[in-house]
Amino acid sequence: MFFAWPVLTLLARGLAPDGVLDLGGFGEVLTRPRTWRIIGQTLIQATAATVICVVLGIPGALVLYRRRFPGRGLLRGVVTVPFVLPGVVVGTAFHALVTTGGPLGGLHLDGTRTAVIAALVFFNYGYVVRNVGTMWCRLDPRAVEAARTLGASAWRAWRTVTLPSLLPAVASAAATVFLLCATAYGVVLVLGGTGAGTIETEIYQLTARYLDLRAAAVLSVVQLVVIAAALWVGERARRARQAHLALRTDVPATPLRAADAPALAVTALTICGLLVAPMAVLVIRSLRRAGQWTLANYADLSTRGGDNALLVSVWEAAGNSLRVAAAATVIALAVGVAVCLVLSRNPRSRLLARGVALFDAAFMLPLGVSAVTVGFGFLITLTPMGLTRSWWILPLAQAVVAVPLVVRTLLPGLRAIDPRQREVAATLGAGPGRVLADVDGPHLLRAAGLAAGFALATSLGEFGATSFLARPQGPTLPVVVYRLVGAPGAQNQGMGLAAGVVLAVGAASLMLACERLQTRPPRRDR
């Protein structure tokens with residue numbers, strides 16, 4: 001109700017402004033050369049970024065989740081931080097990296113599609129690593145050991161045993177990353193300008209700048225078609241490789257081996273060159289003002305900025321962000337767990353199986369629909385009823401965005417459970433609650449920390465819907481960062497970058513805490 005209703009209301013305003021359906025807008029918008037250029041750019045950038053994320057993410061998952069070495073937890077935090085950074089902050093950091101005078105200024109990447117794709121990979125690399133790694137670290141190693149005993153080389157054992165087991169998680173992560181890349185907004189606008197615009201940026205421009213709801217509604221429908229096609233392809237790939245895997249909750253990580261050298265080298269280069277460099281630029285710029293090294297940007301976070309650019313201090317906004325993100329996480333986990341328990345079942349009836357597939361696609365749609373569309377839909381739908389003044393509207397809107405990530409994090413493990421385990425437990429007299437606690441429960445708890453971390457991270461960094469719904473007296477941290485970076489004056493811009501660093505550190509701390517809950521050793525062997 002809180003996703004479909006606002007979105008359909010916004011679409012109705014565009015496609016039936018006078019209460020009568022008028023599809024003439026499709027012909028008008030789809031005959032514009034600019035529309036097809038935007039669609040093509042969206043597909044090219046999202047596809048390229050997704051392929052690169054998967055190619056780089058699988059070695060990262062091996063190193064960070066199947067191997068044990070000092071500092072592994074810290075590196076996991078470093079990999080996760082980009083996922084929660086506001087797009088405008090990342091765009092500013094990458095711009096400083098590739099612009100004239102920057103460390104990579106000589107490559108002339110400023111304003112190019114290459115820079116945009118690099119930033120999209122920067123955002124989503126950690127998502128692939130964590131989702132594939134979470135599955136990988138639970139695979140029973142005895143199948144690989146058996147293959148090696150029978151004479152298979154390490155590469156052959158990985159290619160014929162491990163990779164097929166990981167493909168459902170890879171397909172799920174790739175589909176999600178494609179959706180996130182196709183709907184990226186802030187980083188695309190800052191880095192690519194009008195030359196590398198996407199459907200998402202075009203919807204925002206048409207909605208917020210030109211108030212052309214008709215054209216925006218047409219593009220929203222086009223975006224839904226693109227997302228539905230991506231979901232269908234991802235689901236087909238997952239089903240083609242879906243298997244009941246032998247998952248365990250007590251598989252220990254092993255020390256690094258000589259054979260891990262290529263994966264370790266790829267992961268080290270990715271982390272240092274792609275992840276750390278832009279964040280280092282962000283930190284360095286936050287420590288400089290007017291050409292001088294200083295901590296003034298951080299000291300001013302307790303103020304309202306130059307010329308009272310803000311109505312509250314940055315620390316007050318950070319408190320708002322934590323409260324809203326905590327509430328959104330509780331909502332997203334409650335809904336996500338319930339949805340996963342339904343989607344992980346395999347009904348024997350073909351009709352019910354199709355119903356489950358449709359249910360699955362429905363809960364992925366918020367990832368494919370513009371967050372701007374969700375926020376603006378909330379605004380025009382709930383304002384007449386006075387609900388946008390309620391404190392729970394903002395957590396609810398952020399939970400709508402976070403639920404698909406929670407579902408995609410919990411679902412691969414539940415789907416890999418052999419249904420015969422539930423049937424055997426029921427045959428032995430266990431009730432539905434006991435079956436849920438003893439069969440599904442350990443796998444849910446195992447991934448719940450990661451799901452909670454992603455929900456917290458998504459809520460903390462969410463900007464599209466929040467920018468429409470946050471009250472001026474109660475802004476969240478991403479909204480404050482956006483206002484400060486765009487405000488005139490070195491003080492405001494420096495404070496914006498410092499606030500971005502605070503947001504990154506806070507999100508990383510929360511993710512690491514959730515990571516400890518996820519990776520905490522079980523109390524006893526199962």
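Note that the structure is a prediction, hence the values are computed from the model and not measured.
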>> Give me the atom names and distance for the closest heavy-atom approach of I38 to T198.
In response: CG2-C, 3.3 Å

>> Side chains of T254 and R66 only: does a donor on one sit below 3.5 Å from an acceptor on the other?
In response: no

>> Using 0.5 Å steps for rounding, measure from the OG1 atom of T162 to the CD1 atom of I58.
In response: 11.0 Å

> Less than 4.5 Å apart, any side-chain heavy atom of V502 and any of W315?
Replying inline: yes

> Looking at side-chain heavy atoms only, is the closest gap between F69 and L75 below 4.5 Å?
Replying inline: yes

>> With heavy-atom distances below 4.5 Å as the criterion, would you say the side chains of V266 and L56 are in contact?
In response: yes

> Closest approach of A455 and V406, non-hydrogen atoms and distance?
Replying inline: CB-CG2, 4.0 Å

> Does the side chain of M279 come within less than 4.5 Å of V501's, by heavy atoms?
Replying inline: no

> Does V324 reach the side chain of S459, with side-chain heavy atoms less than 4.5 Å apart?
Replying inline: no

> Got W293 and I284 here, is their nearest side-chain heavy-atom distance under 4.5 Å?
Replying inline: yes

> T270 and Y125: side-chain donor and acceptor closer than 3.5 Å?
Replying inline: no

> In this structure, are over 12 heavy atoms from other groups packed under 6.0 Å from R159 atom CZ?
Replying inline: yes

>> Taking the side chain as everything from C-beta on, heavy atoms only, tell me whether S286 gets closer than 4.5 Å to Y298.
In response: yes

> How long is the gap from CZ on R288 to CG on N297, to the nearest 0.5 Å?
Replying inline: 11.0 Å

> When the ring planes of W136 and W158 are compared, do they come out parallel, tilted or perpendicular, using 30° and 60° as the limits?
Replying inline: tilted

> When rounded to the nearest 0.5 angstrom, what distance separates OG in S172 from CG in N131?
Replying inline: 6.5 Å

>> If I compare all heavy atoms of Q398 with all of A328, which pair ends up nearest, and what's the gap?
In response: CB-CB, 4.0 Å

> For R289, does its backbone N or O pair with a side-chain atom of T294 as donor and acceptor, under 3.5 Å?
Replying inline: no

> Is a side-chain donor or acceptor of S321 paired with a backbone partner of L477 at a separation under 3.5 angstrom?
Replying inline: yes

> What pair of heavy atoms forms the shortest contact from C53 to V121, and how long is it?
Replying inline: SG-CA, 3.8 Å

>> How long is the straight-line distance from CG of L503 back to CG of L282, given to the nearest 0.5 Å?
In response: 10.0 Å

> Would you say the side chain of V116 lies within less than 4.5 Å of the side chain of F94, judging by non-hydrogen atoms?
Replying inline: no

> Minimum heavy-atom separation for V129 to A61, with atom names?
Replying inline: O-CB, 3.7 Å

> Looking at CH2 of W36 and CD of Q41, how far apart are the two atoms once the value is rounded to the nearest 0.5 Å?
Replying inline: 14.0 Å

> So, D260 side chain and R257 main chain: donor-acceptor pair closer than 3.5 Å or not?
Replying inline: yes

> What is the distance from atom CD of Q493 to atom CG of L484, rounded to the nearest 0.5 Å?
Replying inline: 9.5 Å

> What closest approach, in Å, do P255 and R68 show between heavy atoms, and which atom pair accounts for it?
Replying inline: CG-NH2, 3.4 Å

> Does NZ or CZ of R72 fall inside the cone over Y65's six-membered ring, less than 6.0 Å from its centre and within 45° of the axis?
Replying inline: no

